Number of protein chains: 2
Amino acid sequence: MQGTTLNSLIGYHLRRTSTLVTSHLVDTLKPLGLRPVTFSILCLLREAPGLTSSDITRRLGLKSANTATLLGELEARGWIERRDDEKDRRVTHLHLTDTAVTTLEEALTLAREHEEDRFSALDSTERQTLKALLARVWQE
Amino acid sequence: MQGTTLNSLIGYHLRRTSTLVTSHLVDTLKPLGLRPVTFSILCLLREAPGLTSSDITRRLGLKSANTATLLGELEARGWIERRDDEKDRRVTHLHLTDTAVTTLEEALTLAREHEEDRFSALDSTERQTLKALLARVWQE
DNA sequence: TATTGTTATACTCTATAACTATA
DNA sequence: TATAGTTATAGAGTATAACAATA
């Protein structure tokens, strides 16, 4: 047997799996003009319209400088709309456009098919277990 | 509850966990002049001395062009030695130097402490489960 | 023809510094 | 002083093209 050292490290398997899954998701979303991050931002905004740039930065663990660039892209694609806060003039609230909602529906369908495909080695219970274990590692 | 859509996707948790764990490993290995990839290459070469550049490329899922650059770095640091194959003159076999072995021992200690720290939310059985599930997803 | 190994290069992701405007 | 938001930029990771030497 080979690669015993690397195989003993969870992080090694985590990384191999993550790159495999992510690169497949990148290919999956490409036809829609989305990437994993921009897809994530649209998901957030659909469920919580009116979030600000710093809300998104915090929730997705990004850097504010990068969030600004990403939001610029999404606005240029006509997928988000900015609305000034009425009280705090530093703040802008973000909302999805109708086109974005449509695109996001398609993206979600593709993303679920992608997951079905990538995690086909695991049954439904195992997938739930995997998800729950991962969530506990990164959350708090 | 918020972020239901993203939270339903295993890939989301996979990515958040992977970036968290990887960036911590990067910080952990930095004092030794190693990164996750270079650390992985040294691990492989310790267990299977004499591997070639293309062996490493295949086993770690890299691109040969990038492996060449990485091996150049490792050689410049005095961590690997190249020995020509006696029969096939295209091939070079790679071996760790004594310094590399010493550095790798330290790196492994740090990496294990790092894993202990990052996966502290899970008990020993859960870690084994997580590792096994991940391995099944990326392997074959 | 195919494989090994390399250089050069481009693109994305992630990070920091520096800045503005508002609070 | 601190926060919201932005621009510019640098580094690391990942990808392709093109090539030389050898099989």
Side-chain angles (χ1 to χ4, degrees), chain A residues 11-12 14-30 33-41 50-76 80-94, chain B residues 11-12 14-30 33-41 50-76 80-94:
Chain A
Y12 176 63
L14 188 59
R15 196 159 174 72
R16 294 298 297 259
T17 308
S18 183
T19 59
L20 190 82
V21 172
T22 301
S23 75
H24 187 260
L25 181 61
V26 167
D27 294 344
T28 301
L29 296 177
K30 187 161 286 173
L34 284 169
R35 283 164 294 151
V37 215
T38 48
F39 168 69
S40 299
I41 293 174
L51 287 182
T52 67
S53 176
S54 58
D55 289 334
I56 291 169
T57 297
R58 249 178 277 110
R59 293 194 192 202
L60 294 180
L62 307 175
K63 298 286 172 182
S64 59
N66 297 328
T67 306
T69 309
L70 293 166
L71 293 176
E73 289 178 34
L74 291 173
E75 192 181 25
I80 59 172
E81 201 182 84
R82 303 182 196 241
R83 302 187 198 157
D84 295 345
D85 185 280
E86 296 187 349
K87 292 174 180 166
D88 189 336
R89 298 184 55 207
R90 294 171 304 179
V91 173
T92 308
H93 298 280
L94 303 159
Chain B
Y12 176 63
L14 187 58
R15 197 161 172 69
R16 292 299 298 259
T17 308
S18 182
T19 59
L20 190 82
V21 171
T22 301
S23 75
H24 187 262
L25 181 62
V26 168
D27 295 343
T28 301
L29 296 177
K30 188 161 286 173
L34 284 170
R35 283 163 293 151
V37 216
T38 47
F39 168 69
S40 299
I41 293 174
L51 287 183
T52 68
S53 177
S54 59
D55 289 333
I56 291 169
T57 297
R58 250 179 276 109
R59 294 194 193 202
L60 295 179
L62 307 174
K63 297 287 172 184
S64 59
N66 298 328
T67 306
T69 309
L70 293 167
L71 293 177
E73 289 179 36
L74 291 173
E75 193 181 24
I80 60 172
E81 201 181 84
R82 302 185 197 241
R83 302 186 198 157
D84 294 346
D85 185 280
E86 296 188 349
K87 291 174 182 169
D88 189 335
R89 297 185 54 207
R90 294 172 305 180
V91 173
T92 309
H93 297 279
L94 303 159

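Worth saying up front: this structure is predicted, and the values here are computed from it rather than measured. Residue numbering restarts at 1 for every chain, and letters A, B, ... go by the order of the sequence lines.
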*Asks:* With a 4.0 Å limit, can you tell me whether A/Ser54 has a side-chain N or O closer than that to the phosphate oxygens OP1/OP2 of D/dT3?
*Replies:* no

*Asks:* Considering just the side-chain nitrogens and oxygens of A/Arg58, establish if one lies under 4.0 Å of OP1 or OP2 belonging to D/dT3.
*Replies:* no

*Asks:* Please name all residues satisfying side chain to side chain donor-acceptor pair (under 3.5 Å) with A/Arg89, sequence neighbours left out, ordered by chain then number.
*Replies:* none

*Asks:* When we call it a touch if two heavy atoms are under 4.0 Å apart, what does A/Ser23 touch: a base, just sugar-phosphate, or nothing?
*Replies:* nothing

*Asks:* Which residues pass the salt bridge (Lys or Arg N to Asp or Glu O under 4.0 Å) test with B/Asp84, not counting sequence neighbours?
*Replies:* none

*Asks:* Check whether any side-chain nitrogen or oxygen of B/Arg35 sits under 4.0 Å from OP1 or OP2 of D/dG13, and answer yes or no.
*Replies:* yes

*Asks:* Hey, can you pull the residues of residues 61-72 of chain B with a non-hydrogen atom under 4.0 angstrom from DNA chain C?
*Replies:* B/Ser64, B/Ala65, B/Ala68

*Asks:* Distance check needed: D/dA12 P versus B/Phe39 CZ, whole Å only.
*Replies:* 19 Å

*Asks:* Checking B/Arg35 now: which residues fulfil salt bridge (Lys or Arg N to Asp or Glu O under 4.0 Å) with it, not counting sequence neighbours?
*Replies:* B/Glu73

*Asks:* Can you name the salt bridge (Lys or Arg N to Asp or Glu O under 4.0 Å) partners of B/Asp85, sequence neighbours left out?
*Replies:* none

*Asks:* Would you say A/Thr69 and A/Asn66 are linked by a side-chain donor-acceptor pair, where the criterion is simply a distance under 3.5 Å?
*Replies:* no

*Asks:* Side chain to side chain donor-acceptor pair (under 3.5 Å) with A/Thr92: which residues, sequence neighbours excluded?
*Replies:* none

*Asks:* Taking the side chain of B/Thr19 as heavy atoms from C-beta outward, which of C/dT6, D/dG5, C/dT14 is closest to it?
*Replies:* C/dT14

*Asks:* Quick one, give me the B/S/- string for nucleotides 18-23 of chain C, reading 5' to 3', where B means a protein heavy atom under 4.0 Å from the base and S means that only happens at the primed atoms, P, OP1 or OP2.
*Replies:* ---BBS

*Asks:* Kindly write out the residues that satisfy ring pair (Phe, Tyr, Trp, His ring centres under 6.0 Å) with A/Tyr12, not counting sequence neighbours, or none if the list is empty.
*Replies:* B/Trp138

*Asks:* Residues two or more places apart in sequence or in another chain: which of them pass side chain to side chain donor-acceptor pair (under 3.5 Å) with B/Thr22?
*Replies:* A/Arg15

